[in-house]
Structures are given as C-alpha cells and as structure tokens.
Amino acid sequence: MSQPVLINDLVVRFATVNGTGSASANNMFAKAVYRMGIPVTPKNIFPSNIQGLPTWYEVRINEKGYLGRRDGIDIMVAVNAQSLKKDIESVRSGGYLIYDSTKTLGEDFIREDLHYIGIPMMSLCMQHYNDPRQHLLMKNMIYVGALCALLGMEKEVFEQLVQEQFAKKEKLIPGNIQALHLGMNYAESNFECPLPYRLERRNLNQNKILTDGNNACGLGAVFAGATVGSWYPITPSTSLMNAFEKWCTKYRIDASTGRKNFAMIQAEDELAAMGMVLGASWNGARAFTSTSGPGLSLMSEFLGLSYFAEIPAVLFDVQRSGPSTGMPTRTQQSDVLSAAYASHGDTKHILLFPSTPNECFDMTLTAFDLAEFFQTAVIVLTDLDLGMNDHLTDAFTLRDNYQYNRGKVMTAKDLDDAKVWGRYLDIDGDGIPYRTIPGTHPSKGSFFTRGSSHDPMAAYTEDGDVYADGMRRLEKKWETIRSRVPGPEIVRFDPSHNEAIIYFGTSSYAAVEAMDILQNQGIALNALRIKSFPFTEEIIEFIHAHDTIYLVEQNRDAQMRSLLMIENAIPPSKIKKVLQFNGMPITAQFISDEIQKIMQQAPIHHS
Amino acid sequence: MSQPVLINDLVVRFATVNGTGSASANNMFAKAVYRMGIPVTPKNIFPSNIQGLPTWYEVRINEKGYLGRRDGIDIMVAVNAQSLKKDIESVRSGGYLIYDSTKTLGEDFIREDLHYIGIPMMSLCMQHYNDPRQHLLMKNMIYVGALCALLGMEKEVFEQLVQEQFAKKEKLIPGNIQALHLGMNYAESNFECPLPYRLERRNLNQNKILTDGNNACGLGAVFAGATVGSWYPITPSTSLMNAFEKWCTKYRIDASTGRKNFAMIQAEDELAAMGMVLGASWNGARAFTSTSGPGLSLMSEFLGLSYFAEIPAVLFDVQRSGPSTGMPTRTQQSDVLSAAYASHGDTKHILLFPSTPNECFDMTLTAFDLAEFFQTAVIVLTDLDLGMNDHLTDAFTLRDNYQYNRGKVMTAKDLDDAKVWGRYLDIDGDGIPYRTIPGTHPSKGSFFTRGSSHDPMAAYTEDGDVYADGMRRLEKKWETIRSRVPGPEIVRFDPSHNEAIIYFGTSSYAAVEAMDILQNQGIALNALRIKSFPFTEEIIEFIHAHDTIYLVEQNRDAQMRSLLMIENAIPPSKIKKVLQFNGMPITAQFISDEIQKIMQQAPIHHS
Amino acid sequence: MTYARPTFRNPDLPLNKIGRARKEYEGAISTLCAGCGHDSISGAIIQACYEMAIEPHRLAKLSGIGCSSKTPTYFLGQSHGFNSVHGRMPSVATGAAMANRDLIYLGVSGDGDTASIGMGQFVHAIRRNLNILYIVMNNGCYGLTKGQDSATADAGSINKSGAENQFQGIDLCGLGLELGATFVARSFSGDKQQLIPLIKAGLTHPGFALIDVVSPCVTFNNNAGSTKSYDYTREHMEATAAIDLVPYREEILHQQDKGTIKYIPLHDESIIAVNKLAADWDPLDKSSAMRKLAQARNEHEILTGLIYVDTQSKDLHTLLNTSDTPLNQLSQTVLMPSAEILGKINKLYQ
Amino acid sequence: MTYARPTFRNPDLPLNKIGRARKEYEGAISTLCAGCGHDSISGAIIQACYEMAIEPHRLAKLSGIGCSSKTPTYFLGQSHGFNSVHGRMPSVATGAAMANRDLIYLGVSGDGDTASIGMGQFVHAIRRNLNILYIVMNNGCYGLTKGQDSATADAGSINKSGAENQFQGIDLCGLGLELGATFVARSFSGDKQQLIPLIKAGLTHPGFALIDVVSPCVTFNNNAGSTKSYDYTREHMEATAAIDLVPYREEILHQQDKGTIKYIPLHDESIIAVNKLAADWDPLDKSSAMRKLAQARNEHEILTGLIYVDTQSKDLHTLLNTSDTPLNQLSQTVLMPSAEILGKINKLYQ
Ligand SMILES: Cc1ncc(C[n+]2csc(CCOP(=O)(O)OP(=O)(O)O)c2C)c(N)n1
Ligand SMILES: Cc1ncc(C[n+]2csc(CCOP(=O)(O)OP(=O)(O)O)c2C)c(N)n1
Ligand code: SF4
Ligand code: SF4
Ligand SMILES: [Mg+2]
Ligand SMILES: [Mg+2]
C-alpha cells in the first residue's frame, strides 16, 4: 500500500491498562506535540475502576485547530493484551498499529489493510533494566520514543520534557532518556522513519496553554477570592477541588503564621457540602462546592433554599453520563434541565457554560460575582471532557483592574445612614434587595433568614398576597439577571443565511469543525454559542433572525432546547435537535451528518 | 338595608383559633348542608403551627354545583378576637357577621354595610355548663345551632349528626344537643329567622360523598394491594399515610393470627422512604410513599434510579406552596416540572393529576398498575386543597372485575420455558422488558440491578453504544407509556370554537364555573382536563384544533405549559398562561378575569 | 424589622455588664402551644446570654425545621437567625463557622430534626468538633407534624393515641460520647436552675457542646405512659452535679476553698464550678462519663447535668489551621494572587 | 447473564449439603486492584455460604457505591444483586425485607458508603433491628474516588500523599453497640479463619448483624503511617475469641464437654461456639462488650472477633408484627377488600 502523506493531522490512540503509569508517558507525547507548535488535544477514556482495566488516551493533532474528538484512528499504540483485538479493529483502514512485538501477534490479529509496527518493548526493557518494577514504566517511554522517530518529531523536545518531569527525582532522568532512545533507535533501525503520517514544527500555540477545565476552575476560585470550599468526592469533579486546594496551599498560606487563608472540608455528603456553602455565603465568605449528577440531585433541596432565601452559592457541576450512576467516567451535557430548575416549587438558577479551560477560569470569577450580586445560586456546568481532559486553550488572563463585585451589602455605616432597611425590600426597582453580613453592626441589620415565606422585612408571613409579591419580585430579579449574564458568542452572522447552528460547552470544538465540513459541501450556517442561562436578548434575536436552528447537545432529551422554549417562547418546530449521548465527546462528523439528515427530511408540519 | 333573598348559594366562613376544637363543629355544619342534599365544599385555611393562631374554615354552598373557592364572604362566624378586625373587613358588603356578643363590639368593629348578629356564646356557656373545659367546645356548638336557625336549616339533621359523632361517647350527646338548641333558640328569639340568606333541601348529593383526597389515596392504596408503605411526616401529606394505616388496620389484619398483611415504617427521612419503596418494589411488593415539595427534592436521586434501573415506585406528592419551605399550609401546583424530570441526567416520570377524591381513589389503583406494568416511578400529584379538604365527590367504586396489572413478571415456569431471558431485553418491541422477582427460581432469573449502565442482560457496561441503545429503548418505552396512561377528560368540544381552556387537578372546580361565567358574557370556550403526563395524542390533537389555549395553573412559572412545549412541540405562543400562586385555591372569578384580560391584550407578535 | 425600633429603656431595669437589659435578649412572641417545654428553654437561653453579657450581634442562632427550630425567632431578636431546612442545620452552621470564626454559634434543633433526618450531619459536626452550642429540644416526638414518635422516643413509651413505640430510642448523649463530643450535657426544660449554667458553659466551650434537653410536648406527648412527659421526667431525673459558670479572674480566687467543688478552667478566662453530687464520676474522664450514663440508663433514670467535658480538645479552626482573621474579612488584596503569578502559572502548562 | 450457563460439573468437586459446589457460589471476575482486601472478604463470603449450604436464590445481596460495593458482582453469581446508590443501601434493604421476610439479606458497604453519606441510614437500620448481615469493608478511605480519608480514618493516620488525618475516626462497632445493634463483630480481611465463622453467625442472626472488616486498600491506604494497612492491622489486632458456628442438633452434643468453650444458642437450630480468649468479657453482656472495646481503643489495639450478641432481641418483623407469609406473596384476594366493603366505607362519608 502506498500511503498518502499526512502532516499535522492525525489521531493517535494509546490503548493501555489503567494504574500502570502509562498516563504520564502518553501525556508527554501530547505535550511534545504542543511544544512543536502544533495544535493538539488529548482525551482520556478511562473505566470506572482503579486498576487493571482497559483505558485509552486519544490524541488529536490538527494544525487547522480542529480539536474536537474525531472518529477514525490513524495510529494505534496497542499495549493492552485485554483489549488488543478490539483495538486493532478500531483503526481506520490504512492506519498503523504499534504493538509490543516481544511476542509475535497471532493470525487473528492481522488485518490486511493496516501497517504493523512491532517494537519489542518488553524485551528491550528486560535487556536494559534490572529492576522489574521499572519494566512497565520504561515500556511506556519506549513506545513514546518510537513514536518520536516514526512521526519525525524533535527528540530534544522529549528530552526536555523528561528533564522537567523528573526535575525533583533527578536520578530517574538517565533511565528514562535511555528508554526514549531505545524506542527511537529501534524504530529508526527497523522502519522507514518518518512514516507518511508525520508531524512538523509550526508556531500555532503562542499564548496557548494545555490544561484541563477542573484545574482552571479551581485556580479561578482562588483568584475569585473563594475562601470556603466544601465538597464530597465524585468523579469527574474531584480534581476541581484538588486543584483549588493545591493552589491555595501555594498562594493562600500566610507566610508569617503558616495559617490558611482558606478553609476546606470534605463533607459527609453533597447535601452537607451545599449546606456549608450556604452557611458560609450567608456569613459573607465566597464559598463553593463541586459535584456531578448524583450530587446535583442531592443538593436540590438546598438549591431551593438558596433561591428563595436569596443566599449566594457557587456550584460546579462537572457533568457525566446519567441517569442515576450511569457511566461515571463518560461525558454528557445532561444536567442542563435539572440544574436550571433544581428543587420543588417555582425555582430557577443561573447557569454558565464554559467551553474551554480559559473560559472556565474566567467564568469562575464571573460566577462568584453573579452569585453575590444577585444573591442566588450560580451553577457552572462543565463536563467530564472539559473538566478532566487537557485542552489547548488561551493562556489565563485577568481582566484589567478586575474588582470583585460583592453586590449590595450594607456596611455598618450604610445601616446607620439608611432610613429604613429591609432584607427583602426592592429599593432599586431591579428586584435585588440589600443584604447584611452577620456581625456588621451592634444594633442594626440583623434579620431572620428562612426558607419559609417572608415579607420584605424578612418577617414570617402566611399572607398569600405578600408571598406572591415576593415571588413576583424574584421574577423581576430574574429579568435583571437576564440582562447581566454573559451574552453569547456570535460566531458567525451573515444576514443572508437562513439557518444557524447553536451549541454550548464542549460541543464547540466539534461544531466549528462541522461548520467547515458543511461549508465545503455548500451549506453555509450562521453560528452562536450559548454561554449562560437565562438567555440574553441577543440569543433570542439571533434565533428569530433564522428560519431553522440546529441545536447541538450532548444529551438525549434536548434539554437546552427545552430551556429555550420554556423561557423564551421559541417555537419548538424551529429548533432541530442534534443529539449525541453515548458518553464520548461529540464529533464534527456526527454533527454535520445529523444536520444533513435533518435537511433531507421533509419539512415538519408546522401547526 | 333590604336584602335580596339568596338560596343555596353562600360562602360561610368560620374564623377561629387553631387547637380549640372548632374544626369538628365547623365540619358538622358542612356535613349538615350535605345531608340537606345541597352541594357544598368546605376548606380549611390553617397556619403552620399547632395551637393558638388564627384559622379559618370556609364553606361554599352552591346548588349549581360550583364548588371551587369563591372570594367574597356572605356570612362570617367570627369567634377569634385576634383576627376579628380583619375578619370583619373580609365580609362582602351586605353580608352577615355572627359574633360572640358576651362582650359588646367596639366602635372600630362596626361596618355600616354589614348585618351584625350577636349571640352571647360565652355567657350562654357559663350559664349552662359548669365544667370550664366544656366552655370552648360548647361555644362552637352554639354558633352551629345559631346558624341552623338563621339559615333555616333542618335541626333534625344536626341532632342526627351529634348522635353519630358521639356514638362512642354517648354521655356527651345531651350536652351537645343542648348547646345546639341554645344557639338555635337564641337566634330564633332575637332575630328574624331565617335570614334572607338561607338553605333549602334539595336532592343533589345522591351517590356523592364528602371526603378528602388523602383519605381517598390511602384507601385506594389498600384496594390497590399495596403492602409496603414508608414515609416521612410532612404537611400536607401526612394524613394520606395515616389513612392507609387506618384502613389497613381495619381490613388487613389477619383475623386468626392478629398479624399484619402490610408493613409500614416511618422512615428517618424522605431519601430513606423512597429507598424502602424501591427495595420493596424490587422484591415484588406494591410499595409507595407520600410527601410534599421538600421531600420530592430529597427523593430525586432515588427517582433517577427508579427510571434507569426500571424499578416500580408509587409516590404521592401532595403539593404545597414552594419554593423551599414556602407556605407549608397553603396549596399550589408547583412541583409539576420538578416531578416530571426529577433527577439528573435524561429522566422522565409518569405523572397523574387527580382532581377529586373519587379520582384520587381510582387513580391510586391506576398508579400501581402503571408503575408495575412500566417498571418505573409514577408520581400522583395532588395538592393541599385536594388532599386535606373535604370535597363533594362521586362515591368510590371499583371497576368491574378489576384485576391488578402486575406487568411483565417471569414466573418460575416462564423462566423454565423461555429460551433466553435478559432483564433489559425488549422482546415485545414496546420497550418494556420482563422482570423477575428475587427468589423465584433456584437457578434461573437472577440478575444484577444497578443504577450504572447495563446491557440488555443486565451486565455492567461502559460501551457507549450499548448504553445509548438502552437509553433509546427507554425512549421507546416512554412512547408506549404515552399510549397507555389515562387520557384527558374532554369537557367540551364544539368544533366551531377556536379557543379552549385546559386545566388539571384542583383547578377543575373553578375552571368549570369560569366557563359558565364567560359563557354568560358571550365567550364560548372548549375545555379539556389533563389527567396524566406524558400527554396522550388526544391532548395534542385538541390543542392543534384550537387557535388559543388558556392553560390554568396554580403556580408562577406555568410549569404544565413547559411540559406541553417540551414534550409535544406545542408552539408557546399558542398557550396563554392563567396563573394563580398565592397559596389559596384558585377561584372561577380569577380565571375568567384573567382570560378576559388576555383576550383584551393586543395579540402577541408571533415570530 | 425596621431598625427604627423604640430605643426607650426603663431606667429601673437592671443592666448587664455591657449595659443591656434582659429585654434586649428577648425575641418575638412565641407561637408555640402554651406550656410547651421549648418556650422554657428559650427563656433559659435569654437569661444565660443576658447574664453572660453577650453582644447579640456577635451571636448567630441557627436551626432546622420543627416547633423547636422555630424558637430562634423567640429569643435574641437582635442576633442573626437562620432557619434552614429540616435536619441540615449542622452543615449550614459549619459553613458559617468556616467563614467567620469570631461569632458565637448557637444551634437549636429538635429530636426529629437531629436524630432522624439530621443524624448524618449531627454525627459529622461532632466529629469535626465544630464550634457550636448545639441544643436539642427533645420531646420524643415530631411536634410540628402532629406528634409522631421520633427516634429518641424510648421503646415502650406510649404516645397520645395510645400506641406503644416499638423501636429503641437513641440516646443523644450516649451517641455524642461515643463519637467524641467534647462537651456533653443533658437537662430538662423544667429545670432552669440547672439549664442556665449549662448553656453558659456550652457557649463558652471551644468546640462541639451538646445539651440534650428533655422538653415536653404538652400537646402530643405529655400523657401518662410517655417517658418524655413533665411528670415522668421530674420523677426520673437524676443530676450528676450542680454546676456554675464563673468568669475566671473575677471570682475564682475567693471560691477556691470550698471543699466539694471541682473547678474546670476553660480556654478563655472562665471556669466551670462543679458541685459534685454523683459518686464515681468525673466530668473530665470519658470512661467514667460513659459508665455513669450506661448505669443510669439501666436503672431507667434520666441522667442530667454536665456529663463530660474535654477542655483540651482541638476545635474545628485548629484542625483546619485557618488564620485568626475571619475568612469573611480578608480583602481582595490578600485573597487574589497577582497577574504576575498568573503568568507564572501559565508557564507550567506550556 | 442468559441462564444458558454451562451446567457441567466436575464430579470430583466436593459438594455441600444441597449438592452445590463451591464454584456455584462464585461470581464474575473481580475488577478490583490486585491485593485489595475486599476480594478476600468476597472469598470469605463465598466460603461461608458454600459451607452453610445456602440456596443462592434465597439470598439477596445489596450494596451502595464504591469499590467495596462492587463486590456483590464478584460473589454468589446466582443470588439477586442490587447495587443501589451511594450510602442508601440500608433503606433499600429495609424495603426489600419488608416485602419478603423469607430471603436472607446480605448488605455490603464501604466505610465511605456507611460512615459518611450513609450514616443516617446505617443508624436507623440498626435501630429497627433490620434482618441483615451488614458487612463494612473498612479501608479508612474512599477507594473508588482515589483515596480520600474517610470518616473511619483514625486521627493521626497518614495517607498516601503524606497528609495526616485531623478528624477523629468513627468506630463503627462502638457506634453499633451504643445504638443497640444486636450482633457486633470486627474482623480483618486477611484473617479468613476468623472472618468465615463470623459471617456464618451473622447470616444466622435474626436481626441486625454488623461485621466491620478492616480491609486494606492496597492502592491508596496501605502505606507506612496508615492505621488501616495490612501491616498495621496485623500488628495491632487483638481477638476477643475464636468462634465457630455449629449447626445445633448435629454437633452440639459431642462438643458439650469442652471446658473453655461457651455455647450461644441461636434462634434457629444453630449455635455459636465461643472459645473464650479475652478475659473480662462476655459476648452476651453489653457492658462488658463496651468496656472491652473502649479498653482496646485506649491501648491502640484493634479488637476483632465477636464483640457482642443479643440472642433475645426482637427483629424488624416481630416489631412490625407482620404476617408469616411474605407480603410479596399475598394475592389480590387477600389484599383487596370487597366491593361491599367499599360500599360500607362510602356510607361513612354520606
Ligand atoms: C424535608 C422535610 N421533611 C419533612 C418536613 C416536615 N417536618 C417539619 S418539622 C418535622 C419534625 C419536627 O420534629 P422535631 O425536630 O422533633 O421538632 P418538634 O416539632 O418536636 O420540636 C417534620 C417532619 C420538612 N419540613 N422538611
Ligand atoms: C451521591 C454520590 N456521591 C459521590 C459518589 C462518588 N463515590 C463513589 S464511591 C465513593 C466512596 C467510596 O468509598 P467507600 O464506601 O469507602 O468504598 P471503597 O471504594 O473505599 O471500597 C464516592 C464518594 C457517588 N457515586 N454518589
Ligand atoms: S406541638 Fe408540642 S412541641 Fe409543638 S409547640 Fe405544641 S407543645 Fe410544643
Ligand atoms: S482502590 Fe483500593 S479499595 Fe479500590 S479496588 Fe483498589 S485496593 Fe481495593
Ligand atoms: Mg421533637
Ligand atoms: Mg473505603
């Protein structure tokens, strides 16, 4: 088979066993691509257990900057015997299989349409390392080295990465460098390097970083001035709190006393985690928690309290595949509806939908500002793909002169100066009352916080009209919120196009690529990315400006579409569903195929 | 003032103090009206405490059968000094105030436009009863007696009711009869009886009973064969479980052994209550729980498990005013959306909306049949008004030859005969798999139940396609459900009308009356009452057959409207919101006023 | 609650150390049933805070849901109240304490609120030695939902409708001891003399102070056969000791010599004076406390008074090693790392 | 799981009383880490059920979420499994038991599942004396979410990342005793000889049987400094006694005379034979059990073996007074009152 040469446009998949240390080797490969200035995004596809099951690491390399997942594997590094059969099947015709040739592959494993690259990884390890504990780890470095040679990558980049990785355990450096070279040399001596699939240096990653959303949110919470974090561990949100703790430990310990300028508690469950957030926010600290689906369900009673008693709260929901325990290590965007209306009664919550780690950082700051300004819960909806996978993203920046917006808080002086103050009085006509922080003033500003019905002065009431007035004020506040949340990103707006694509969160990568695929087929779409709920006027106008909207979601029930209809009277027939919900990050091909399918269907009867 | 004579069309309100025994006297009045063959519905308006606060009992009497609440009080029995001032203000001009004239009323309490009927209740008590503990109770009977005379009611009816009420404490009968007569005699000797507002015997209550929805549901659960009930007390749902226990104690105790053919546990909270229901249902018993808003929020994680692992569950949500603790003793229909989609991920639950106690009974049977047939949660949404107030309703009946529908359950023989059985295999193409009850067969039919993703054979899987197939099957099951839940009541369908009113639950009484009010003003509407979610085809067709729908709900956010849009692509602009959410049962006047307001508004811009 | 409240003061009312009258520690008028034990506990709280001269605005009173949980409305009207959701007050209080270590936290709960729906949070607040005085108004039933047995109802106790409780009751003091609560006491709403000093000591204790107060529900659980009625409690009460809280410096010196009194110095300047009544018991010795409690239980006595106190324990703030400055008072300057640091962080991901 | 599973049996395998081989008590292949304590406990469960000749389809195995809660997939493949939600297995098991009193219930949980999120349900299942053998696979950490300290981690225990746990650990056996659990034992995954008879006795016990099994997490909490590691546990284990479960009629007679053995007859025909090792302890005497446990705790010993058993307690079904026939077997004829009765009921509301 003669191969077309493919430069800087590849999917490389590593099939390994979890708990064997392959993660850091695989990661090094992705980072090397990044360092060569080529856009890259890796994804971990891991099982819900700790050790011994198949796990995959998929690296998409694309110099056009298409960084969503793409089906069709070009190069498979298959080092897991358990999954080998299936792994081989998953390679696209004409692709490469890199495997450990210490043992010969059986007949069963041979596909005519693939290139086989056998590297005797284990036997190289045995030859060169005495300590059997090193064998597994060095094997990983060997295939990384081989890849370097096969793809024509820069070996200095890898050597540098090894130096950095083991900066604190220097004596491990030579062994690892050696393993790299064993792989490189073997590949170079036995195969024609580089392959037709190869990587060439570019300069496309300037001012970009490679990090994950959970890290970005955790870091964002530090910069946002959050001091109280409580949480209950759950995949895929755990690493968000870990990041917060890590950064706090670095930047929030008082140098003179060694004491912490933050407090974290691992709560006994998610109900307690949210309770702590409300207690702390009530007391004037910026407080937050993070969870995933099951935790969101458990927090729903407390979220209702936040809404009705008007207590700020920031919650990160790193979504995974539901319902119930579902697929805990797979992604989805399926908590949209339950997050928006969490809790019984007439409740609504602000949602934010970041789509990159950079935006995770930035929106975390926004989340705290909104929560305090509007005195209500803000739920940042990310997902497993965004939270746990590294993404190529703009470097973190702070807005100029950024100041925390602590909202309408009465100081002792304000209390002295005010003629009348009532916790739930709408003085400004925007539905947002003034609050006090307990302990502010020796004789003024105390009030009773409760989830039962209250009048503007915070007194308990069972008067239906007073209650209804309060509910209407909350509606008015909601309107104010609608004018203040982050507006959408209008990605493309050409008035001559009648149709548009709308998406949010991690579908963005694939959506942008899908637009180009469709464009190539003569289908031009406008595009908008939703960044928050409630929906600002621009979103509504954008929708009204088109005949058909293709709404891309990673759930089964088209939950964002539901929100658009409920809140903004968007006619349902106008919004076509493009839904992927199998737990894998959505692909551009899927989106463009679905859109074309819908276009080919007879127009639906509009009643 | 000369009074127009009003016959059998009155609102009588009793203003008393809670915890003083007035409830049973007031109830006797309502029952007497019922016994005189006149349609009547009383409503309790009570505070969220146990003793000492104002409470009201409002009796609507209407021979046309309009039994929703009506604003405007014709006769106020005001025996609570705390609320007297406000109580007097609430009487409609020309109405009557019956008060305790033992002490003279101050100037402040005199309204020119009212008739004052002073009965020296306390002093009559002091004269005739020695035991001071009796004073409070007898005072209540005195005003009941006075009402009997003033309204020209039949005293034998009251005497008979006293006999029945004290059948087990016979020695209390004479004293109570005496009190009745004291009231009657005083009224007759001091006022011209009957007043122009009066009641006359009719024969309109044949085959009707006067009972509350919680009693009906509890009784229904006994007839439905529920054997396991677990619950956590919460107003207004508590009396439902009390009723179940009462009827079980009567009809479910094995006569020979004294042992119970049912098991009830007061759980430690609502999470546990729902957990017990799932455990029991999994094990093949009919099991249920009941709660109100906060409990629904707490059950949401378990409801997701029910949906995804396909375990039957019956839940009664007796709605109260939310959000959060809200107004615990006021009614609302505001859990519609959160019940429909309770839990994170893509979940949906069957909802039933009974509107009378009779339907509560009947739908309870339906709920268990649906839950078992579809192996999923069924939430019966009633409300405080329906659950805790007596309503005039058709007598309970059993459908002919009614048999429990236990759904697709494999017996030991079925298992022996079957070639292959998989817990989540869709054999019949309707999306409904076959289940086994643990312990059925020594070697066949065991399977693993889990909330994590599973394949058709119930094995754990992380394969996205297998997972997605399962989710699609659940969607198919949902379509089957849609064809099998109780259809709507099409109250009126005249093809010449372009507009219609849609309502559900306790809005029905007022809606029917509102239609007549509008009709009198020349506005003819068709009407449909929703009885279940998902919505059957008839509902959709009905909506499509009209230009405008007025959807009546007792919540702020038009939650039923949201469901219609989400699930059935109903254009939002078509459904106008008629929303009352102040915690009081909705009135016909409110509905007709709102509909007229909407009609007068310029037509909304349809985009 | 406009704060245009009348500031007129009757000059004859005795004022406490900070110049406040007892009235200023009261709250709104109670809506509980006449005779409810909870109202007496509110009274004891008012008296204790008045006598301790607590600044009302430095105290946060938190509760769950129930008749008992309503009481914070009826005391300390100038303090900050938070009536949260049923059974979840401990987490809200924990968050509040994390945010501001300088306020005094008073948690009020019921036996339903604590021992049923709130069990998990109660246990974990103890485990973390949260700085709070946690008062359970224990009536063995759910007052607000009309008298169902609660998890503290004793097996064999008869409720108002004549039914006998089948399940074993949870002894909150026993549970507290087992879980390592650092201050454990029991009292009776009808015994203010015992209760007031316990409340004072509890408010002073640095860490989790539990006072389980038997507080009869006159409406639903004060009948014959109930083991949480006024009569039953009075008959079966057995006190460990009479205690008093003495502000240390001022008074300890001239009390030093009273023979039977044991003085327990607290972390601040005050001291608990224990007039030992019970033999074979030392409030500082956990085993003796557990033994004493088990023994009383076996004899169907209700052991009241201070049961155990650990004056050396590390409180939540010590365990978390948080700064002395309350976290809610740290400014953006202290909290937000600089743009330069952000730049450095970016480097890590390049 | 089609039930077309191979029915071929190796004729040489020893069969138990009901003719089943040990293999038939196994489950799917474990996906836990090699060396995980939980796998050993699964093995002990398999062995115990095999030896007791339990009919697999008469046993329901329920769990929450966690590595430990996954184990029901790995034993008794022919039993009915229910992997519920995190921390809420006790309520599911309670419902199941209410519906069918005739199955044997085996609950499996982790320390996170039980002592953190599940604390409330755990406490209340004990209080109701639910008929279940409740095994906690206690590794002092959250295995499945990667090793965070759990609420049973001892204060001072060092975790894998070198951090010292600050909070006091919950002693589930102590808690069980305090709450009135009627069978309390502790064991170690590494000591099958001790564990297997305890499991048998627990499965036989009518009521709540708790076995807290120290079960090291090799991946996250088996390091030096951890008090839940293999090494630490082996070094600090202290057994109350060696016990055995003997089917009564068959074997008791010729064992009667062995001097140091105490026989505890159970409600069915079997008996626990306790070879007393510990002085000053009687498994039938709760005070001695509590004392023994407290003492071991003070001495930093891990007390294992049977700690307490109450053979006279009333189980849930007795407390609920439910019929002997499992409720799930009652037919419509028994359950549904007649139309006539409904007519009579209507009369009450007329
Ligand atoms: C989630 C939730 N479930 C149930 C209720 C209803 N409820 C209110 S108070 C209460 C029990 C109160 O008992 P306890 O705490 O002992 O207080 P008491 O009234 O006896 O003082 C219950 C069950 C509620 N408010 N919230
Ligand atoms: C509601 C909810 N919160 C959090 C989780 C995540 N989670 C899964 S297992 C687990 C802890 C398990 O710890 P433990 O019970 O001790 O089991 P182990 O893995 O140590 O055996 C957690 C927090 C979840 N599944 N559900
Ligand atoms: S019901 Fe009981 S607890 Fe509630 S206020 Fe009345 S007496 Fe007190
Ligand atoms: S992580 Fe720990 S508990 Fe989980 S399987 Fe591995 S060793 Fe066992
Ligand atoms: Mg109580
Ligand atoms: Mg664990």
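Sequence lines set the chain letters: A, B, ... in the order given, protein chains first and strands last, and positions in each chain run from 1.
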Minimum heavy-atom distance between [X] and [Y], given as atom pair plus value:
X	Y	answer
B:Ser300	A:Ser300	OG-OG, 4.3 Å
A:Pro572	B:Pro572	CD-CD, 3.4 Å
B:Met327	A:Gly464	CE-CA, 4.3 Å
B:Ile566	A:Arg561	O-NH1, 4.5 Å
A:Phe308	B:Gly326	CE2-CA, 4.1 Å

Given heavy-atom pairs under 4.5 angstrom as the criterion, report whether the side chain, backbone, both or neither of [X] touches chain B.
X	value
A:Gln559	side chain
A:Tyr460	side chain
A:Ile570	backbone

I'd like to verify something: which residue of [options] has the highest number of heavy-atom pairs under 4.5 Å with chain B?
options	answer
A:Pro328, A:Gly583, A:Pro294, A:Ala342	A:Pro294
A:Met584, A:Met565, A:Gln580, A:Glu462	A:Glu462
A:Ser562, A:Ser452, A:Gly304	A:Ser452
A:Ala339, A:Ser306, A:Ser334	A:Ser334
A:Pro47, A:Gly470, A:Ala309, A:Ser292	A:Pro47
A:Thr461, A:Leu305, A:Leu296	A:Leu305

### Query
At a heavy-atom separation under 4.5 Å, does B:Glu475 approach chain A through its side chain, its backbone, both, or neither?
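Its backbone and side chain both get close to chain A.
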### Message
Report which part of B:Ser48 has an atom under 4.5 Å of a heavy atom belonging to chain A: side chain, backbone, both, or neither.
### Response
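Contact with chain A: backbone and side chain both.
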### Task
May I ask you to name which of B:Ser453, B:Ala558, B:Gly322 has the most heavy-atom pairs under 4.5 Å with chain A?
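With the most close heavy-atom pairs to chain A, the winner is B:Ser453.
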### Query
Can you tell which of B:Pro323, B:Ala468, B:Ser338, B:Gly345 has the highest number of heavy-atom pairs within less than 4.5 Å of chain A?
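The residue among B:Pro323, B:Ala468, B:Ser338, B:Gly345 with the greatest pair count is B:Pro323.
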Can you tell me how far the [atom1] atom of [X] sits from the [atom2] atom of [Y], to the nearest 0.5 Å?
X	Y	atom1	atom2	result
A:Ser343	B:Leu337	OG	CG	12.0 Å
B:Tyr467	A:Ser321	OH	OG	5.0 Å
A:Leu298	B:Leu298	CG	CG	8.5 Å
A:Asp463	B:Lys86	CG	NZ	5.5 Å

### Query
For the side chain of B:Asn582 and the backbone of A:Asp465, is there at least one donor-acceptor N/O pair under 3.5 Å apart?
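Not a single qualifying donor-acceptor pair exists.
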### Query
Is there a donor-acceptor pair closer than 3.5 Å between any side-chain N or O of A:Arg556 and the backbone N or O of B:Met471?
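Side chain of A:Arg556 to backbone of B:Met471, a donor-acceptor pair under 3.5 Å: yes, one is there.
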### Polar contact flag, side-chain donor to acceptor under 3.5 angstrom, A:His344-B:Ser297
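Yes.
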### Query
Is the closest side-chain donor-acceptor distance between A:Gln332 and B:Asp346 under 3.5 Å?
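The criterion, which ignores hydrogens and geometry beyond distance, is not satisfied for B:Asp346 and A:Gln332.
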